[in-house]
S.K.: 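Questions regarding the structure given below will be posed in turn.
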2 protein chains.
Amino acid sequence: MNQSENRQFRLARRPAGMVKREDFEFRTDRPRPPESGEIMVGVEYLSLDPAMRGWMNEGKSYIPPVRLGEVMRALGLGTVIESKAPGFAPGDTVSGQLGVQSVATVAAKDCFKVDPSLAPKPLFLSALGMTGMTAYFGLLAVGEPKPGETVVVSGAAGAVGALVGQIARIKGCRAVGIAGGAAKCRYLVDELGFDTAIDYKSEAVPAKLREHCPKGIDVYFDNVGGQILDDCLAQINLRARVVICGAISQYNNTTPVKGPANYLSLLVNRARMQGMIVFDYADRYAEAARDIAGWMREGKLRSREDIADGIETFPETLLKLFTGENFGKLILKV
Amino acid sequence: MNQSENRQFRLARRPAGMVKREDFEFRTDRPRPPESGEIMVGVEYLSLDPAMRGWMNEGKSYIPPVRLGEVMRALGLGTVIESKAPGFAPGDTVSGQLGVQSVATVAAKDCFKVDPSLAPKPLFLSALGMTGMTAYFGLLAVGEPKPGETVVVSGAAGAVGALVGQIARIKGCRAVGIAGGAAKCRYLVDELGFDTAIDYKSEAVPAKLREHCPKGIDVYFDNVGGQILDDCLAQINLRARVVICGAISQYNNTTPVKGPANYLSLLVNRARMQGMIVFDYADRYAEAARDIAGWMREGKLRSREDIADGIETFPETLLKLFTGENFGKLILKV
C-alpha cells in the first residue's frame, strides 16, 4: 500500500437517476496526518451498499447527505498506519466509515477494532458487519418471526436478503426468496437452504407467492419496494409484519417513488409496515455477531462475498448493485 | 312503527366508483318471524359509515362482502318486538348489525342490549358505539400517544376523527385536525378543543403541517389516504406511528388506489404504519365505553350526531360521507 498518496472518490454532483462515473471526482491527495483523537488507516476493503445511493441525494434522511466535494461515504476495513488516539496502535485492524479512499484519517471514536484472526477480513463488512446486523435485527427485532411462520424476502440473493432467509430457517420459519434469475434462485435453494425461491424476472410473482406461501405471508422483508412490495402486501396474513429495509427498485428513479397501492391490506389484515435502520441496534451488535459467528461455525449460515478489485473501479462496481449483477455481498478491494 | 312490513335496501349490483341509488333495490317484504335463538327488532337508527363502501365490493376483506341480493349491512339500534332467544324480551333496546331495513330478524348472539336511560339512543351508534371504540382503540392501542406528543388526524370533523382529536387532548397531546372547509375547522377548534385545524380545501397542507406541528408528527391517524397521507408521512418524527383506520378518498376510485409515495419516510424514521379493525378489541369495549362516558360527563368530550330522516333516503344520505357534506356522526333515523 502506498501511504504517501490518498486515492479517493469525491461526490462531484448529485446524481439524476442511475449513478454515473461523472457523479464523482477521482483524485489523488496527500494523506492528512492524524490530529489528537484521530487515526490514519490504510483502507483495504470497502463495503458497497444500496444505502449509498440515498446518501448521495440532497435532503433530510436518517443521516446527513454526503456534501458535494466530500469524499464519498462508505463503510470500510483497514489497518491503522498512525494513531493519535488511545487504544489504537499501528497494525490494528479497524472498521468504520472510512470513505471511498485508500488512506482515511478519521476520528477513532467512529471506528472499532476487529480481530482478523477470527475470520477473513471481508467478513467483517459482510455477515459480521453492518450487513449481518441489518439482517439480524431487521428480521428478528422488527419482523418478529415465530416458528412455523412464512417469511418472504426480496433481494434475496443480495447481501442482507441471503442472511435474512437463512436466519428465518434457523428460527424455524419457511423461507421464500425473491431474486432475479435462475442462477440466483438455485443458489438460494441449493446452497443457502431456502425452502424455495421465485425468479421475478421470468415468473409471475403473485401466482408463485400463492403457490409457495400456501398459508400466506407472515413476515415480508422488503429490500426492493415497487411492484414486488405490492405483490407481497396482497398476500399477507392477519397481523403480518412488513419490514421496510430498502427499496432498491426506487433509488435511481427520476420519477416519483411508486407508493404501495396495496397498503390497505395493512388495514384489512391489521398488519404493520415498519422501517428499520441498523444503527439503532448498535448496543446489541455484539450479541448479533456472536449468534451469527456461531451459526457460521455450525454450518447453518453461509456468507458469500463478491469482491471487486481496485478502488478506481468504484463507480462501475457500485452500479452492479442496481443492475442486479452482483451476487452476495459486494465488496471493493482497495 | 309499522311492524307488518319490512322496508329494506338490498344490494342490487356492485358499485363502480361513487355509490348510486341504482346500486340498491328498495323493497318492502313481510318481516320474517324469529326462529330459535333469533330476535325480531324494530330498527330505529342506522349507523352510516365509510366502511360500508368496502363491504359492497367483491373480494377478500376483513369480513365477507355483502352478497348481491342481500340486505345491505349496517350497524343499527332498535327495540325488540319478538324474541326467541333467552335474555332478550320485547321492549329491550339492542344494537348490532341489523342491516338497512325497518324490521330485522337476526341472531340474538350478534346483538347486545343497551340501557337507553344512560344516554340518547343515537349515542350508542356514535361515541358509545363502534365509532367511539374505533377512535379509542385506534388512537390508544395502535397509535400509543404519549403526553406532549403531536397527534394529527384527518377526516377530523367526521365521527371517528372528532373523537380521536379530543381523546388525544385528554391524553395530554397536541391535537391537529385536517378537515374540509372553514366551518368544520372552526368547529374542531372552538367546540371540540383541538389545538388547531387545517382546511385541506383552501390551505396548503404541507406548509400548514410545518406551521402547526413545529416538533413534527408523532401519531398520524389516517381516515382518508391519498395525498393527505403522503403529506403527513413527509413530516413524521422518529418512531412515529401511522394508524390506518380508513381511506375514504380512495373508496370510490375507479382507478387503482394511490399508494403512499412517501412510505420510505417509515424507513428513514424507523416509523410504523399499522392497520386497525375495531372488532379485534371486542373484549375491551366495556372499558372504552366507561372511559368515554366518563369523559362526556366531565365535559371533556363531545359527540355530534348528524341525523338524517327516513330509511328511503339511505343511498343519498350515505353519499354525504363521500362528498364531505356530513358533520359529525352520520345516522339515519328509520
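Chain letters run A, B, ... following the sequence lines, proteins first, then strands; residues in each count from 1.
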S.K.: Tell me, yes or no, whether the heavy-atom count around B/R13 atom CZ, taken from other residues, nucleotides or ligands under 6.0 Å, exceeds 12.
M.R.: yes
S.K.: Locate the shortest heavy-atom distance separating A/V268 from B/I277; write the atom from each residue and the value.
M.R.: O-CG1, 4.3 Å
S.K.: Write down the atom of B/R239, the atom of A/D280, and the distance for their closest heavy-atom approach.
M.R.: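 Closest heavy-atom pair between B/R239 and A/D280: NH1-OD2, 3.4 Å.
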S.K.: Would you say B/K109 has more than 12 foreign heavy atoms packed within less than 6.0 Å of its NZ?
M.R.: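 It does not: B/K109 NZ has 12 such atoms or fewer within range.
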S.K.: For the CE atom of A/M276 and the CZ atom of B/R272, what is their distance to the nearest 0.5 Å?
M.R.: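 It comes to 15.5 Å.
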S.K.: Heavy-atom distance under 4.5 Å to chain A: side chain of B/P256, backbone, both or neither?
M.R.: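 Neither part.
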S.K.: Which bit of A/I63 comes within less than 4.5 Å of chain B, counting heavy atoms only: side chain, backbone, both or neither?
M.R.: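 Neither the backbone nor the side chain of A/I63 comes within 4.5 Å of chain B.
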S.K.: Is it the backbone or the side chain of B/N269 that comes under 4.5 Å from a heavy atom of chain A, or both, or neither?
M.R.: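 Contact with chain A: side chain only.
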S.K.: Quick check for you: to the nearest 0.5 Å, what is the distance between A/Y263 atom OH and B/K258 atom NZ?
M.R.: 9.0 Å
S.K.: Any chance you could measure A/Q274, atom CD, to B/M273, atom CE, to the nearest 0.5 Å?
M.R.: 11.5 Å
S.K.: Side chain, backbone, both or neither: which part of B/L238 has an atom under 4.5 Å from a heavy atom of chain A?
M.R.: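 The answer is neither part of B/L238.
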S.K.: Does atom NZ (B/K201) have a neighbourhood of more than 12 heavy atoms from anything else shown, all under 6.0 Å?
M.R.: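 Yes.
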S.K.: When rounded to the nearest 0.5 angstrom, what distance separates OH in B/Y62 from CG in A/L264?
M.R.: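 Result: 11.5 Å between the selected atoms.
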S.K.: Tell me whether A/K215 at atom NZ has more than 12 heavy atoms from other residues, nucleotides or ligands lying less than 6.0 Å away.
M.R.: no
